[in-house]
Amino acid sequence: MNAPAAILEKDITPQGGDYEVIRRVIEKISLDYRDQPSLESLAEEVGETPGGLQKLFTRWAGLSPKTFLQAVTLDHARKLLDSGLPLLDTAYELGMSGPGRLHDLFVTHEAMSPGDYKTRGGGLTISYGYHISPFGLALIMVTDRGLAGLSFNDPGDERAAFADMSGRWPNATYVEDMSATAPYAARIFDRSRWCSDQPLRVVLIGTDFQVRVWQALLKIPMGRARAYSEIANEIGSPAASRAVGAAIGANPISFVVPCHRALGKSGALTGYHWGLTRKRAILGWEAGQLATDR
DNA sequence: TAAATCAATCTTC
DNA sequence: GAAGATTGATTTA
């Protein structure tokens, strides 16, 4: 198999190109969050003016850098876990507009039978393509039954991302076909198209245990989070929180199956297959989306 | 009090 | 058997 050259289409998400700067800012923040870095020092770090950085953040996340910074703190993450809170409290806390509709991406999921899984993708044809997303470059994989995989990588790591993903179903046939994946990309990363009347079709390819864990993830609404142990409870194996972590790590459809909404019981972001920085970015972005909801 | 250490627990390869 | 995107208890500085 030859890893594909990355072929970039036009930037379908206007804010997609902002991610590189955002990523570096988040990295900086998480490095020395202890002494609350100022807007000025952050801007200097990434070679922007304070005003420019402010504008960029607002465009990308709908939040000012300061509010965004708050949204990714341990303290705030802890609140996402607290199931006693009404859903909209996140938006209130961030000091933004009042209550409104709570959107989320609606999906219908279908699990492959254990038999199908054992063939490790044998007989399956998977179309894939790279697309710009608000969280870096997204590698999307689809079958005729729906979305099967979504991964992120930074520019230059396309080969690694492809190897990672295709290694999960080594016997499948892979075809680069952006015309097949582009509609998914457009749909997934454009929130105005997250509607319930035509749910996104998703196929879950994994072991029985993994599929149960992923289904539990799908039930977590946007702007909320669950602890690994809570998910373990939900699927009926209360002692299996560690195994749950492993299963979540194996989730092939990141973002759509919201593995970023799984946190340690303390609210700590314990891990993320595509990098903790990206997990922070996605959580902060979600907070911003909620806050701008009218 | 926070950080480090340890054992218990479950799934996968 | 070994290795995890965990947790809760215990110990240490």
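Please read these numbers as outputs of a predicted model, since none were measured by experiment. Convention: sequence-line order gives letters A, B, ...; per-chain numbering from 1.
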Handout entry: Contact list for residues 125-143 of chain A, test salt bridge (Lys or Arg N to Asp or Glu O under 4.0 Å), sequence neighbours left out
Key =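 Checked against salt bridge (Lys or Arg N to Asp or Glu O under 4.0 Å) - neighbours excluded - no pair reaches residues 125-143 of chain A.
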Exercise for the section: With sequence neighbours excluded, give me every salt bridge (Lys or Arg N to Asp or Glu O under 4.0 Å) pair touching residues 259-268 of chain A. Expected result: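 Output for this query lists Asp104(A)-Arg261(A), Arg261(A)-Glu286(A).
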Practice task
Specify the separation, in whole Å, of atom CD of Glu230(A) and atom C1' of dT6(C).
Solution key: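 Rounded to whole Å, this separation is 13 Å.
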Practice task
Rounded off to whole Å, could you give me the CZ-to-P distance for the Arg278(A) and dA5(C) pair?
Solution key: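 About 17 Å, once rounded to whole Å.
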Handout entry: Separation of Glu234(A) CD from Leu217(A) CG (nearest 0.5 Å)
Key =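 Result: 9.0 Å between the selected atoms.
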Handout entry: Spatial distance of atom CG (Leu147(A)) from atom CD1 (Ile253(A)) [nearest 0.5 Å]
Key =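 Interatomic distance, Leu147(A) CG to Ile253(A) CD1, rounded to 0.5 Å: 5.0 Å.
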Handout entry: Nucleotide pairing, DNA chain B (Watson-Crick or G-U, distances under 3.5 Å), in dot-bracket with [ ] and |
Key = ||||||||.||||
Handout entry: Check: dA5(C) base within 3.5 Å donor-acceptor of Tyr272(A) side chain
Key =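 Between dA5(C) and Tyr272(A), which were checked side chain against base, a qualifying N/O pair under 3.5 Å is absent.
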Practice task
Considering only heavy atoms of chain A and a distance under 4.0 Å, specify the first and last nucleotide of DNA chain B in 5' to 3' order that meet this criterion.
Solution key: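 Terminal contacting nucleotides, 5' to 3': dA3(B) to dC13(B).
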Practice task
Can you sort out the partners of Thr58(A) under side chain to side chain donor-acceptor pair (under 3.5 Å), two or more places apart, ordered by chain and number?
Solution key: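 Here no residue qualifies.
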Problem - Aromatic ring pairing His260(A)/Phe255(A), orientation class (parallel under 30°, perpendicular over 60°, tilted between) - result: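 Correct class here is parallel.
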Problem - Sequence neighbours excluded, every pair satisfying side chain to side chain donor-acceptor pair (under 3.5 Å) that has a member inside residues 235-252 of chain A - result: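 Every candidate side chain to side chain donor-acceptor pair (under 3.5 Å) pair involving residues 235-252 of chain A fails, so no pair, neighbours aside, qualifies.
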Handout entry: Summary of side chain to side chain donor-acceptor pair (under 3.5 Å) pairs that have at least one residue in residues 177-186 of chain A, sequence neighbours excluded
Key =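 Side chain to side chain donor-acceptor pair (under 3.5 Å) check on residues 177-186 of chain A returns His131(A)-Thr181(A), Asp177(A)-Ser179(A).
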Handout entry: Check: Arg120(A) side chain, Arg168(A) main-chain N or O, donor-acceptor pair, under 3.5 Å
Key =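 It does hold such a pair.
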Practice task
Without swapping roles, check the side chain of Asn233(A) against the backbone of Pro238(A) for a donor-acceptor pair under 3.5 Å.
Solution key: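 Between the backbone of Pro238(A) and the side chain of Asn233(A) there is no qualifying donor-acceptor contact (under 3.5 Å).
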Handout entry: Any donor-acceptor N or O pair under 3.5 Å, side chains Tyr228(A), Thr270(A)
Key =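 Indeed, the side chains of Tyr228(A) and Thr270(A) share at least one donor-acceptor pair under 3.5 Å.
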Exercise for the section: Please list residues of residues 251-264 of chain A whose heavy atoms come under 4.0 Å from any atom in DNA chain B, ordered by number; otherwise none. Expected result: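 Of all residues in residues 251-264 of chain A, none places a heavy atom under 4.0 Å from DNA chain B.
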Practice task
Please list, by residue number, the residues of residues 235-248 of chain A whose heavy atoms come closer than 4.0 Å to an atom of DNA chain C; answer none if no residue qualifies.
Solution key: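 Ser241(A), Arg242(A), Ala243(A), Gly245(A), Ile248(A) - these, ordered by number, are the residues of the stretch whose heavy atoms sit under 4.0 Å from the strand.
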Write out a two-atom table: protein N or O, nucleotide N or O from nucleotides 8-12 of chain C, distance below 3.5 Å.
{"residue": "dG8(C)", "atom": "OP1", "partner": "Lys265(A)", "partner atom": "NZ", "Å": "3.3"}

Let me have the donor-acceptor pairs involving side chains of residues 202-213 of chain A, under 3.5 Å, with sequence neighbours excluded, atom names and distances please.
{"residue": "Thr207(A)", "atom": "OG1", "partner": "Gln210(A)", "partner atom": "N", "Å": "3.2"}
{"residue": "Thr207(A)", "atom": "OG1", "partner": "Gln210(A)", "partner atom": "OE1", "Å": "3.4"}
{"residue": "Asp208(A)", "atom": "OD2", "partner": "Arg212(A)", "partner atom": "NH1", "Å": "2.8"}
{"residue": "Gln210(A)", "atom": "OE1", "partner": "Thr207(A)", "partner atom": "N", "Å": "2.9"}

Exercise for the section: Identify, with sequence neighbours excluded, every residue that meets ring-ring contact (aromatic ring centres under 6.0 Å, His included) alongside Phe57(A). Expected result: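 Applying ring-ring contact (aromatic ring centres under 6.0 Å, His included) to Phe57(A) gives Phe68(A).
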Practice task
Could you tell me whether Arg24(A) and Glu27(A) make a salt bridge, using a distance below 4.0 angstrom between a side-chain N and a carboxylate O?
Solution key: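 Salt bridge absent between Arg24(A) and Glu27(A).
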Problem - Candidates Asp154(A), Ile132(A), Leu137(A) - the one meeting side-chain contact (heavy atoms from CB on, under 4.5 Å) with Tyr19(A) - result: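 Answer after filtering Asp154(A), Ile132(A), Leu137(A): Asp154(A).
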Exercise for the section: Would you mind classifying the nucleic acid contact of Phe209(A) as base, sugar-phosphate or nothing, using non-hydrogen atoms under 4.0 angstrom? Expected result: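 The answer is sugar-phosphate, as Phe209(A) gets under 4.0 Å only of primed atoms, P, OP1 or OP2.
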